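The next block holds one structure in the form of structure tokens; read it before the comments.
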Amino acid sequence: MFDRSFFESTAVEAAPGLLGAHLTVDGVTLRITEVEAYLGVGEDPGSHSFRGKTARNAVMFGEPGHLYTYFTYGMHVCANVVCSPEGSASGILLRGGEIVAGVELARARRTTSKSDADLARGPARLAVALGITLADGGADLARGRFSLELPAAASAHSSGPRTGVSGDGGGPAYPWRFWIPGDPTVSPYKAHAPKKRA
DNA sequence: TATGCGATTGCCT
DNA sequence: GGCAATCGCATAG
């Protein structure tokens, strides 16, 4: 069980404290090593909630400590933890981590990964390894299949520009990617893909 | 109603 | 290291 008030601060404030946390879903436990913070309406051009509430991002506007999932690139699911009080709509994207329990099950789900470090390195991989699907959107991380243990003390961490965010939301103006330095399960930094063929 | 593209990954050269 | 896959959602008309 975690202290829900931890997620009532903004995503940027809470994100570093989520590093080192243990998230368990159906017997698979992840030690979180990399996250990105996204703020709310009108505050953050890179955030799904920047332009206001829509059917897709509705759960971001709900109670903190719940799961926000979304589908992208026609094939991938990514998972976020809702932050800030109801109506504020900020969130923390889970970008990478180490599987510390239930490795066999995670391997079975991620048959393409070549090493255990790749099981949950990257947001879409992480969701697959934990068995998180779109149907889990809105789930309370303290109930049902989910449980979350926050670290007793904040881990040492680095911060930098967010990965894969296009337009104004990317770059050094929003250094809201946080990771545990030197950890092999942190995804490699990649700037937003330049526009593809015309 | 129509159109463009994304908080990515994995396979190909 | 480079690019194709794939579709729901947001934006424009």
Side-chain angles (χ1 to χ4, degrees), chain A residues 7 10-12 14-16 18-19 23 30 32-61 66-84 88-97 99 106-138 159-179 184-198:
Chain A
F7 293 108
T10 70
V12 172
L18 197 54
L19 295 173
L23 173 64
L30 178 83
I32 298 169
T33 60
E34 181 188 4
V35 298
E36 275 177 14
Y38 290 84
L39 294 190
V41 180
E43 300 176 308
D44 176 3
S47 174
H48 285 176
S49 62
F50 180 65
R51 296 168 194 283
K53 190 175 183 177
T54 67
R56 176 173 62 157
N57 65 26
V59 322
M60 286 184 79
F61 289 77
H66 287 234
L67 197 63
Y68 167 53
T69 55
Y70 67 91
F71 183 71
T72 191
Y73 287 97
M75 62 189 94
H76 296 305
V77 174
C78 298
N80 305 247
V81 180
V82 176
C83 282
S84 67
S88 302
S90 77
I92 300 172
L93 170 68
L94 305 180
R95 289 198 56 89
I99 304 294
R107 281 183 191 139
R109 288 167 173 158
R110 295 232 48 246
T111 55
T112 57
S113 85
K114 296 187 172 55
S115 76
D116 285 354
D118 285 337
L119 288 173
R121 186 170 80 164
R125 294 165 166 181
L126 183 154
V128 171
L130 290 181
I132 293 173
T133 68
L134 285 181
D136 295 309
S159 63
R162 293 182 295 195
T163 298
V165 180
S166 63
D168 296 336
Y174 300 88
W176 297 334
R177 172 176 177 251
F178 303 91
W179 68 94
T185 60
V186 172
S187 65
Y189 175 73
K190 192 166 82 177
H192 178 257
K195 194 178 178 189
K196 298 194 276 203
R197 64 183 166 97

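All values derive from a computational prediction rather than experimental measurement. In what follows, every chain begins at residue 1, and chains take the letters A, B, ... in the order their sequences are listed.
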Integer-rounded Å distance: [N] [atom2] and [X] [atom1]:
| X | N | atom1 | atom2 | result |
| --- | --- | --- | --- | --- |
| A/Leu94 | B/dT8 | CG | P | 13 Å |
| A/Leu93 | B/dG6 | CG | C1' | 13 Å |
| A/Leu134 | B/dG6 | CG | P | 19 Å |
| A/Glu36 | B/dT8 | CD | C1' | 12 Å |

Yes or no on side chain to side chain contact (heavy atoms under 4.5 Å, CB included) for A/Asn57 and A/Tyr70, after CA distance, side-chain angles and deciding distance? CA-CA 8 Å; A/Asn57 65 26; A/Tyr70 67 91; over 6 Å; no
Under 3.5 Å between N/O atoms: give me all the protein pairs with nucleotides 8-10 of chain C, atom names plus distance.
from	atom 1	to	atom 2	distance (Å)
C/dA10	OP1	A/Thr54	OG1	2.6

Salt bridge or not for A/Arg162 and A/Glu36, using N-O below 4.0 Å?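 Salt bridge: no.
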Using distance alone, with no hydrogens and no angle criterion, decide if A/Ser90 and A/Ser88 have a side-chain donor and acceptor under 3.5 Å apart.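 Absent: no donor and acceptor within the cut-off.
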Under 3.5 Å, N/O pairs linking protein and nucleotides 9-13 of chain B:
from	atom 1	to	atom 2	distance (Å)
B/dT9	OP1	A/Pro123	N	3.2
B/dT9	OP1	A/Ala124	N	3.1
B/dT9	O4'	A/His76	NE2	3.2
B/dG10	OP1	A/Arg110	NH2	2.6
B/dG10	OP1	A/Thr112	OG1	3.0
B/dG10	OP2	A/Arg125	NE	2.7
B/dG10	OP2	A/Arg125	NH2	2.7

Rounded to the nearest 0.5 Å, what's the gap from SG on A/Cys83 to CG on A/Leu18? Could you check?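 It is 7.5 Å, given to the nearest 0.5 Å.
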Looking at A/Tyr70 and B/dA7, is any side-chain donor or acceptor paired with a base atom of the opposite kind under 3.5 Å?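 Indeed there is one.
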Taking 4.0 Å as the cut-off, does a side-chain nitrogen or oxygen of A/Thr163 come that near to OP1 or OP2 on B/dA7?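 It does not, given that no N or O in the side chain of A/Thr163 lies less than 4.0 Å from OP1 or OP2 of B/dA7.
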